[in-house]
Amino acid sequence: MSKTRVQAAALALAAAMAATVFTSACGAPHTASGSGTGRQLVAQAMPLPDARIRATWPQSRVEQGLAKGMRLPLQDYMLGYADVVDVENARDVVKQECMQRLSFRFAPEPSGLQPSVAYDAMNMKRRYGITDRAEAAAHGFTPPQAVTADDDTAAEDLELAREDAESAVSGWDEAMNQTCVPEANAKVGVLYETDVAGDLASQSYDATAKQTPVRNAVAGWSSCMVRDGHRVTSLDDAEGRFAAPKKPGMKPGRAEVSLATDDVDCKQTSNLVGTWYQAETVYQHRQITSHKRELEAEKAHNTKLLERARAVLTARK
Amino acid sequence: MRLTRTAVATAAAAAAVVATITAAPPASAATSYVHNDCTSTDTSHPTHCFRIQFNSRSETTQQSDSGCLATRHSRSNDDGYSPNGASFITFVFGAFPSDAYGGMPTPCDARGSGQGVYHHAASAWNQDPYAGYTVYANTGYSGTSKYYPKADGIARNLSSGLKNHNGSHKRS
């Protein structure tokens with residue numbers, strides 16, 4: 001996978017650079033109107049994520065680990081990963097067509113090709129830190145999705161170079177920012193113009209962290225960690241120690257795996273995940289009652305946004 | 001032409017990075033303070049960056065112009081990282097004055113300059129048309145999170161649980 005991605009990125013970079021050189025050599029004017037260029041860029045249809053890739057996306061309910069089956073009430077008001085991917089890709093289709101009309105090349109890597117860590121902003125699987133012992137044993141504190149993506153530094157560097165080469169043409173930024181982004185905003189819409197559900201979920205996490213049962217559970221987890229030889233007082237204490245970029249082929253060290261697996265085991269012993277989840281469930285039901293109108297309005301806005309996005313994607317097929 | 005400048009800058013920066021890595025004494029944990037994690041050099045037109053900002057956005061303009069960290073990478077710790085196990089790169093907010101950093105739309109000013117990015121951000125502005133970014137409350141992409149879509153011209157405040165509690169960010 002990694003090698004294939006590097007090769008694909010290298011080919012794409014070569015194509016982008018060739019296009020840029022061609023443009024410069026010909027002196028083709030990239031005016032906002034695009035008139036008088038005497039030629040047309042041939043747009044490559046953006047390859048959208050297929051069923052095989054979609055099968056790798058995070059699911060709405062956590063599938064394994066201590067958070068298995070958990071889903072908090074506010075998630076009913078949040079955009080899921082597939083929704084965000086569809087909106088982003090629809091916006092890219094509009095921007096790509098717009099840039100082509102203005103005689104500029106824009107070939108973004110479609111959203112969804114590198115799966116997200118979380119299904120939505122609730123980040124249920126890692127909301128209370130790592131919760132999956134099998135993942136902790138295999139990858140330490142790094143999510144499997146980040147192992148794939150962050151390890152692939154060569155492909156990432158090539159992709160960034162390709163993007164730089166593609167957008168290096170005079171007038172590219174002006175066309176994108178002044179014409180094509182506004183066009184996508186108008187035709188598809190803007191993601192997270194408001195984020196009532198996300199803001200409330202954030203408040204829920206903070207407020208419940210101060211509740212006695214949750215504080216007791218965190219204290220229990222911390223004591224358990226001390227018994228296992230790890231002096232940590234907060235969830236971030238544990239994870240932060242090993243939060244460093246993984247190099248290609250690098251496996252987590254024994255110290256990281258030991259801390260990560262003990263972290264999950266102690267969360268199980270202290271029932272930290274279950275206790276916090278229960279507290280947030282109660283808290284979020286109350287939030288929904290007191291913010292029903294704003295949440296329903298946001299949900300209606302998101303429904304329309306998705307309808308427009310899927311119409312764009314359907315028309316493109 | 002920008003491509004030429006970028007290519008030269010990339011090569012120069014790559015050489016500088018290699019020099020830094022090889023020159024770093026393994027025993028001393030030399031720390032460098034960085035606010036440009038986006039482009040290879042400070043003058044290579046950081047126009048397509050995800051900006052993590054020190055202050056909240058303006059509610060009238062929906063823009064953020066305080067000191068920022070500009071990035072195009074996933075970082076599992078907003079404090080920084082060690083590229084080689086010996087030295088450490090610490091992320092700080094900094095200014096991108098328009099004359100020195102030509103091209104960045106609505107440059108970042110000096111408010112918050114030198115302050116560490118970890119747990120000190122109030123808003124973010126994605127100016128990268130090629131990727132979205134997610135900010136997480138904790139390191140290792142854990143905790144509550146907020147997604148910043150591909151460049152759409154709008155800065156967004158971090159939600160209350162993330163404001164002054166940003167632990168990591170991921171490009172996608």
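In what follows, chains carry the letters A, B, and so on, assigned in the order in which the sequence lines appear, proteins first and then strands, with residues in each chain numbered from 1. Small disclaimer: the values here were computed from a predicted structure and weren't measured.
In this structure, CZ in F141(A) is found 8.5 Å from OG in S142(B), a value given to the nearest 0.5 Å. S145(B) OG to M124(A) CE: the interatomic distance, rounded to the nearest 0.5 Å, is 11.5 Å. If you take OG on S159(B) and CG on L200(A), they are separated by 10.0 Å, rounding to the nearest 0.5 Å. Here the CG-OH distance, from N138(B) to Y128(A), works out to 12.0 Å after rounding to the nearest 0.5 Å.
Two residues are said to be in side-chain contact when any heavy atoms from C-beta on lie closer than 4.5 Å; H48(B) and D173(A) meet this criterion. For the pair N185(A)/D152(B), a side-chain contact is recorded, criterion being any heavy-atom separation below 4.5 Å from C-beta on. No side-chain heavy atom of T144(B) sits under 4.5 Å from any side-chain heavy atom of M122(A). By the 4.5 Å heavy-atom criterion applied to side chains, R72(B) and E156(A) are not counted as neighbours.
Residues A151(B) and R91(A) share a closest heavy-atom pair of O-NH2, 4.0 Å. Shortest non-hydrogen contact noted between Y147(B) and V84(A) is CE2-CG1, 3.6 Å. Nearest heavy-atom pair across E88(A) and P149(B) is OE2-CA, 3.2 Å. Contact detail for Y136(B) and V117(A): the closest heavy-atom pair is OH-CB, 3.7 Å.
A donor-acceptor contact shorter than 3.5 Å links the side chain of R156(B) to the backbone of Y192(A).
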> side-chain contact (heavy atoms from CB on, under 4.5 Å) between L160(A) and H73(B): does it pass, once the steps are laid out?
Replying inline: CA-CA 10 Å; L160(A) 292 178; H73(B) 301 281; 3.7 Å; yes
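Heavy atoms closer than 4.5 Å to chain B are found nowhere in K125(A), neither backbone nor side chain. Heavy atoms closer than 4.5 Å to chain B are found in the side chain of D92(A), but not in its backbone. Interface remark: V87(A) contributes no atoms to any contact with chain B (heavy atom separation under 4.5 Å).
Using a cutoff of 4.0 Å between basic side-chain nitrogens and carboxylate oxygens, R171(B) and E109(A) are not scored as salt-bridged.
Within the structure, the salt bridge (charged side-chain N to carboxylate O under 4.0 Å, His left out) test picks out the following pairs touching residues 192-207 of chain A (sequence neighbours left out): D195(A)-K146(B).
In terms of heavy-atom pairs under 4.5 Å with chain A, the best-connected choice from G167(B), G132(B), P129(B), S172(B) is P129(B).
There is a side-chain donor-acceptor pair under 3.5 Å between E166(A) and Y130(B).
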